[in-house]
Amino acid sequence: MIKGGNRLEGNISVSGAKNSALKLMAAAILGDSKSILQGVPKIRDVFTMIEVLNRLGIRAEFKEDDQLVIDPSGKISCEASYDLISQMRASIVVLGPLLAKLGEARVAMPGGCNIGSRKIDLHLRGFESLGAQIDMGQGYIQAKADILVGTPVLLAFPSVGATENLMMAAVKAKGVTIIENAAREPEIVDLANFLNSMGADIEGAGTSSIKVQGVTTLKGTKYRVIPDRIEAGTFLIACAISKGNVIVENACPEHLGMVLRKLRDAGFDIQEQDASVRIIADTRPKAVDIATLPYPGFPTDLQAQMMTLLSLADGTSVITENIFENRFVFVSEINKMGSNIRTQGQHAVIEGVEQIEGARVRCPDLRAGAGLILAGLAAKGTTEVEEIGHVERGYEKFEQKLNRLGADIQKVSEEIKETAKAASEFVGGSEKG
Ligand code: EPU
């Protein structure tokens, strides 16, 4: 339940990056000894990945505060079952490390999700190029290789997951693998840095050509996860929408290039420091056009939050979603709050309105959920956002952090809502009676 209208002010610190932490956790499988990951966010997806590792026979647990210890030195199973993979698609990234370490992996097919069909053909073709035999059947992907041999691999699209899975499969392959048209996201660089600190030999991460020279052994290491650029961007947009003044700390401004540029284009004062970004927002946003693209383009994971902001802009904006086909599903929800957005294929036309109103809305997925919560901050009256479990998959202490900045958000369980509803019906009934 969000009471809208409060101005956000103060300092907030960003947690470690979800989309990096999950991959580093998978990469830790490759070590002969335990790794310590620092700055791992305590979010639902991380706990799911801990469960995936534990079920593979790998001890993974939080020791103190944000330090996650992963010990892959025992006997490891090569199978990840459907009940886990279906909870979180990202667990597919255990395929590469299992194949590299055990010569075999059997992982349930992840299927699509609310934001798109999300194929994994590029991952599998890449493994085949390295010499693995891939078989599909009974809902499982089975990958086997007596030996993986380095080779050039040209990705048809710079897929984040395929680049990561291939890098992890190639680190122990015989010879050199060159991944061309590789994804360039900061999370790819973080994974390469982590693997290198385990003893791998990877060059070029962050460019579209990554060279992986195979090595024979990798050891455990201690490593700090990069800050979450999507969480940082979400707070900046939250501040913009509330006409606030906020310093977002533990952020990497260089990972936020296009996001900061678009916020400046929308008329906000953005000040970058070494590890923080300040936003001062005292005006209505100007209309801005946005196209989501692989990094360094505008991230698809901030598209919904930005659409919420632009729904209040002075003028008409166009957002083009180029990465996932279903990421506009939240438009019908936010339009319930009075925004004026229409979509055609991968384009959304956003006619800015002066004010939106609180309503009861439902999160279709993680980032759209964040977009709806941000809408609630700006709306007149109270907004009730349902199914916030999606948001808790990826944002650590989201409502607490926003409340610390001055928001008024309360987490209300279904049970409390039902009791409150019954009580109000009872009062209503007795009044009528
Ligand atoms: N694709 C294929 N074939 C493949 C792989 C991808 O067709 O083999 C397509 C996908 O269907 C999609 C596009 O390529 O349309 C992009 O997919 P990509 O592989 O780059 O994304 P991902 O690895 O599945 C990660 C993040 C997403 C983020 C995207 C793009 C994780 C766990 N997930 O997904 O994050 O949106 O990269 O930056 O790292 C989120 O955090 O909310 C989220 C969805």
Side-chain angles (χ1 to χ4, degrees), residues 15-27 41 43-46 48-49 52 85 87-96 109-129 134 136 141 153-169 179 181-191 208 225-226 228-234 255 258-259 292-305 321-330 346 363-371 390-396 398:
S15 303
K18 164 180 92 82
N19 287 345
S20 188
L22 294 172
K23 320 309 167 54
L24 303 194
M25 290 170 72
I43 50 175
R44 215 177 264 193
D45 275 6
V46 163
T48 306
M49 191 56 117
V52 171
I85 302 282
Q87 275 181 51
M88 186 183 68
R89 257 194 116 264
S91 29
I92 193 76
V93 289
V94 297
L95 246 176
M109 279 292 289
C113 70
N114 291 354
I115 61 173
S117 58
R118 305 190 75 174
K119 294 186 291 181
I120 51 163
D121 53 321
L122 304 175
H123 305 226
L124 302 183
R125 278 182 74 169
F127 294 145
E128 279 174 339
S129 310
I134 307 288
M136 319 273 266
I141 304 156
V153 179
L154 174 62
L155 293 178
F157 178 86
S159 151
V160 173
T163 304
E164 293 165 337
N165 237 337
L166 280 173
M167 240 163 49
M168 291 189 277
I179 308 171
N181 198 23
R184 292 182 284 164
E185 271 67 5
E187 292 75 21
I188 304 281
V189 179
D190 208 30
L191 176 59
S208 50
V225 181
I226 52 167
D228 196 309
R229 64 194 166 100
I230 304 302
E231 187 193 354
T234 303
H255 294 169
M258 189 60 81
V259 177
T292 65
L293 286 168
Y295 188 85
F298 192 91
T300 174
D301 290 345
L302 283 172
Q303 183 257 103
Q305 300 88 317
E321 171 57 56
N322 291 305
I323 309 294
F324 291 113
E325 64 270 30
N326 283 345
R327 269 215 152 145
F328 287 153
V329 279
F330 104 117
Q346 65 193 106
C363 298
D365 67 76
L366 162 59
R367 306 303 174 185
H390 287 292
V391 178
E392 291 172 341
R393 286 185 44 198
Y395 288 93
E396 190 176 45
F398 195 43

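All ligand and atom numbering here is 1-based and tracks the order in the structure.
- For ligand 1 and Ile323, the ligand atoms under 4.0 Å from any heavy atom of the residue are 12 (C), 13 (C), 15 (O), 16 (C).
- For ligand 1 and Leu122, the ligand atoms under 4.0 Å from any heavy atom of the residue are 3 (N), 4 (C), 8 (O).
- Note: no N/O pair closer than 3.5 Å links Ala90 and ligand 1 by distance alone.
- In Lys119, the parts holding a heavy atom less than 4.0 Å from any atom of ligand 1 are both the side chain and the backbone.
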List the steps and the verdict of side chain to side chain contact (heavy atoms under 4.5 Å, CB included) for Val160 and Lys23.
CA-CA 11 Å; Val160 173; Lys23 320 309 167 54; 4.3 Å; yes

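- Ligand 1 has Arg327 within reach: a non-hydrogen atom of the residue lies less than 4.0 Å from it.
- Using a 4.0 Å cut-off to heavy atoms of Gly161, the atoms of ligand 1 that qualify are 19 (O), 23 (O).
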Go through the steps to decide whether Arg229 and Glu187 satisfy the test salt bridge (charged side-chain N to carboxylate O under 4.0 Å, His left out), and finish with yes or no.
CA-CA 10 Å; Arg229 64 194 166 100; Glu187 292 75 21; 2.9 Å; yes

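- Asn181 places a side-chain N or O within 3.5 Å of a backbone atom of Leu155 that can act as its donor or acceptor partner.
- Listed by number with element, the atoms of ligand 1 under 4.0 Å from a non-hydrogen atom of Lys18 are 40 (C), 41 (O).
- Both the backbone and the side chain of His123 come within 4.0 Å of ligand 1, counting heavy atoms alone.
- In terms of N/O distances under 3.5 Å, ligand 1 is not approached by Leu366.
- Comparing Ala156, Ser91, Ser159 by heavy-atom distance to atom 19 (O) of ligand 1, the nearest is Ser159.
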Do Arg327 and Glu321 pass the salt bridge (charged side-chain N to carboxylate O under 4.0 Å, His left out) test, and can you show the C-alpha distance, the side-chain angles, and the key distance before you say yes or no?
CA-CA 7 Å; Arg327 269 215 152 145; Glu321 171 57 56; 5.4 Å; no

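- The shortest side-chain heavy-atom distance between Leu191 and Met168 falls under the 4.5 Å cut-off.
- Polar contact with ligand 1: present for Val160 (N/O pair, distance under 3.5 Å).
- Annotation for ligand 1: atoms under 4.0 Å from non-hydrogen atoms of Ile120 are 4 (C), 8 (O).
- Arg367 and Asp365 make their closest contact through N-OD1, 3.1 Å (heavy atoms, listed as atom of the first residue, atom of the second, distance).
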Dump the intermediate steps for side chain to side chain contact (heavy atoms under 4.5 Å, CB included) on Leu124 and Leu95, then the final yes or no.
CA-CA 10 Å; Leu124 302 183; Leu95 246 176; 4.3 Å; yes

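- For ligand 1, the polar-atom distance check against Asp301 finds a nitrogen or oxygen pair separated by under 3.5 Å.
- Contacts between Thr300 and ligand 1, counted as non-hydrogen atom pairs separated by less than 4.0 Å, involve the side chain only.
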Ile323 vs Phe157, side chain to side chain contact (heavy atoms under 4.5 Å, CB included): CA-CA, chis, key distance, verdict
CA-CA 10 Å; Ile323 309 294; Phe157 178 86; 4.1 Å; yes

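- Qualifying ring-ring contact (aromatic ring centres under 6.0 Å, His included) partners for Tyr395, counting only residues two or more places apart in sequence or in other chains: Phe398.
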Let's go through Asp45 and Arg89 carefully: what are the C-alpha distance in whole Å and the side-chain angles of both, what is the deciding distance for salt bridge (charged side-chain N to carboxylate O under 4.0 Å, His left out) to 0.1 Å, and is it a yes or a no?
CA-CA 10 Å; Asp45 275 6; Arg89 257 194 116 264; over 6 Å; no

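- Between Pro299 and Glu185, every side-chain heavy-atom pair lies at or beyond the 4.5 Å cut-off.
- Ligand 1 is approached by Lys23 to a heavy-atom distance shorter than 4.0 Å.
- Remark: distances from the non-hydrogen atoms of Glu164 to ligand 1 are all 4.0 Å or more.
- The shortest N or O to N or O distance between Phe157 and ligand 1 is not below 3.5 Å.
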